[in-house]
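These notes are about the structure you will find just below.
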Amino acid sequence: KLVFSTAMSSLRNSYNLSYTEPRLFDSEVLGGADIFRRQMNYFSFSSVTDGGGVRLGKNLGEYDWAGLNYRAENVTVSNVLEGTETPFLFNGTRHTSRVTPSYIHDTRDDFLNPTRGWRHVARFEIAGGVLGGLDFYRTGYEVTYYHPLVAKFVGAIHAEMNYAVGYGGTTLPIFERYFLGGPNSLRGYTIRNVGPKDSSGSPLGGTESILLNVETQYPFTKSLRGFLFYDRGNAY
């Protein structure tokens with residue numbers, strides 16, 4: 001499978017070219033490669049990321065999946081105002097190189113419109129060291145549970161925790177920190193605007209985050225659903 005995708009808005013422009021072979025060398029291992037470019041305009045800085053990576057994955061059973069990804073990036077940070085620089089936020093270009101093992105346990109009854117089941121995702125990123133570039137760790141765990149209610153209503157609970165830290169004297173850079181806000185995390189808040197902020201009110205992100213989503217879903221059609229939700233979370 002060969003895919004080119006792009007997304008453009010006032011805050012983000014992204015371009016991605018990916019190739020996926022579901023049975024690498026006629027094995028049961030999935031293999032893939034990606035090349036991408038992302039241009040982001042945040043409140044306290046702008047960034048341009050150019051990079052690429054390779055990925056491997058394999059089904060471990062009916063409900064389990066394990067993956068191993070490698071990704072290298074050059075990240076250029078700009079538009080940081082003079083006098084607001086910090087050890088993790090300043091203008092310049094930095095290189096990252098990381099390996100990410102991940103594990104997924106998924107018992108949902110439907111990939112697009114689940115009504116029951118669990119989905120667990122655990123991931124760990126190690127960057128730098130013998131790989132080169134900035135030295136840091138990032139780890140995360142998320143869990144989602146779906147259960148049918150009455151009629152066509154479905155209840156869902158999602159929780160997510162993340163933690164990151166630099167090592168070897170490296171301070172975790174701004175573009176690897178956690179931000180909340182927006183339709184994919186803390187709904188009702190401006191995208192990436194929740195968490196620690198500087199004296200002018202611009203978000204700086206955190207090294208830790210926690211998120212809880214509780215919602216009731218109603219499928220009007222297979223492609224249109226309504227949601228009543230309660231979200232709570234923060235970055236620290």
Side-chain angles (χ1 to χ4, degrees), residues 1-42 46-77 93-114 117 119-142 144 160 162 164 173-179 182-185 191-192 222-223:
K1 181 168 65 175
L2 182 66
V3 176
F4 173 76
S5 61
T6 181
M8 291 175 283
S9 72
S10 60
L11 296 178
R12 178 180 67 179
N13 294 318
S14 64
Y15 311 90
N16 186 79
L17 179 65
S18 68
Y19 172 77
T20 302
E21 169 55 67
R23 289 189 172 271
L24 189 64
F25 305 122
D26 292 327
S27 70
E28 296 184 352
V29 176
L30 176 147
D34 303 273
I35 301 174
F36 54 86
R37 179 181 178 87
R38 297 192 299 267
Q39 299 170 303
M40 310 290 285
N41 182 20
Y42 300 122
S46 298
S47 70
V48 177
T49 303
D50 296 296
V54 293
R55 47 196 159 82
L56 299 171
K58 187 179 186 303
N59 283 319
L60 303 180
E62 183 177 1
Y63 304 116
D64 301 289
W65 167 272
L68 182 66
N69 296 3
Y70 169 76
R71 189 169 87 240
E73 301 174 332
N74 283 323
V75 184
T76 301
V77 174
T93 299
R94 281 164 285 181
H95 175 71
T96 66
S97 179
R98 77 191 74 192
V99 171
T100 307
S102 59
Y103 170 75
I104 300 175
H105 178 72
D106 193 342
T107 64
R108 295 175 298 170
D109 60 348
D110 189 284
F111 177 74
L112 295 177
N113 294 293
R119 184 175 187 266
H120 301 264
V121 180
R123 54 189 174 271
F124 179 74
E125 300 179 16
I126 179 170
V130 297
L131 299 173
L134 297 174
D135 300 324
F136 59 87
Y137 302 106
R138 283 165 47 103
T139 184
Y141 170 71
E142 60 179 293
T144 310
E160 183 174 350
N162 295 286
I174 186 74
F175 49 84
E176 297 293 346
R177 296 166 74 90
Y178 300 110
F179 298 80
N184 294 322
S185 61
I191 186 170
R192 296 175 64 93
K222 288 187 176 181
S223 57

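The basis for the numbers below is simple: all heavy atoms, side chains too, and nothing from hydrogens, waters or symmetry mates. Just so you know, these numbers come straight off a predicted model, no measurement behind them. The chain is numbered in sequence order, starting from 1.
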Within the 4.5 Å heavy-atom criterion, are [X] and [Y] side-chain neighbours or not?
| X | Y | result |
| --- | --- | --- |
| I104 | R119 | yes |
| F179 | I174 | yes |
| D106 | Y63 | no |

- Say whether, by atom type as modelled, one donor and one acceptor occur between the side chain of N13 and the main chain of Q39 under 3.5 angstrom. no

- Query: Counting N and O atoms only, with roles assigned by atom type, does the side chain of S97 sit under 3.5 Å from a partner on the main chain of G128, one being a donor and the other an acceptor?
  - Reply: no

- Message: Taking R94 first and then E176, would you say they form a salt bridge - that is, a charged N and a carboxylate O separated by under 4.0 Å?
- Response: no

- Item | Passing candidate, side-chain contact (heavy atoms from CB on, under 4.5 Å) with Y19, options D34, V54, L2 | L2

- Message: Checking side-chain contact (heavy atoms from CB on, under 4.5 Å) between R37 and each of N16, V48, T49, T6, which is the one that passes?
- Response: V48

How long is the span from the [atom1] atom in [X] to the [atom2] atom in [Y], to the nearest 0.5 Å?
| X | Y | atom1 | atom2 | result |
| --- | --- | --- | --- | --- |
| S14 | M40 | OG | CE | 8.0 Å |
| W65 | L60 | CH2 | CG | 9.0 Å |
| S27 | L56 | OG | CG | 9.0 Å |
| N41 | R12 | CG | CZ | 12.5 Å |
| E125 | F136 | CD | CZ | 6.5 Å |
| T139 | N162 | OG1 | CG | 8.0 Å |

- Residues N74, T76; criterion side chain to side chain contact (heavy atoms under 4.5 Å, CB included); working and verdict: CA-CA 7 Å; N74 283 323; T76 301; 5.8 Å; no

- Residues passing the salt bridge (charged side-chain N to carboxylate O under 4.0 Å, His left out) test with D135, sequence neighbours excluded, are none

- Return the set of residues passing salt bridge (charged side-chain N to carboxylate O under 4.0 Å, His left out) with R123 (not counting sequence neighbours), or none when no residue passes. E142, E160

- Just by distance, with hydrogens left out, do T20 and R55 show a side-chain donor and acceptor under 3.5 Å apart? yes

- Message: For the CZ atom on F111, are there more than 12 heavy atoms of other groups (residues, nucleotides or ligands in this structure) within a distance under 6.0 Å?
- Response: no

Of all the heavy-atom pairs spanning [X] and [Y], show the shortest one and how long it is.
| X | Y | result |
| --- | --- | --- |
| F124 | P101 | O-CD, 2.9 Å |
| G132 | H95 | C-CD2, 4.5 Å |
| K222 | N113 | O-ND2, 3.0 Å |

- Trace of the side chain to side chain contact (heavy atoms under 4.5 Å, CB included) decision for R23 with E28: CA-CA 5 Å; R23 289 189 172 271; E28 296 184 352; 3.5 Å; yes

- Message: I'd like to know whether T96 forms a side chain to side chain contact (heavy atoms under 4.5 Å, CB included) with L131, so could you lay out the CA-CA distance, the side-chain angles of the two residues, the decisive distance to 0.1 Å, and finally the verdict.
- Response: CA-CA 9 Å; T96 66; L131 299 173; over 6 Å; no

- Who are the ring pair (Phe, Tyr, Trp, His ring centres under 6.0 Å) partners of Y42, not counting sequence neighbours? F45

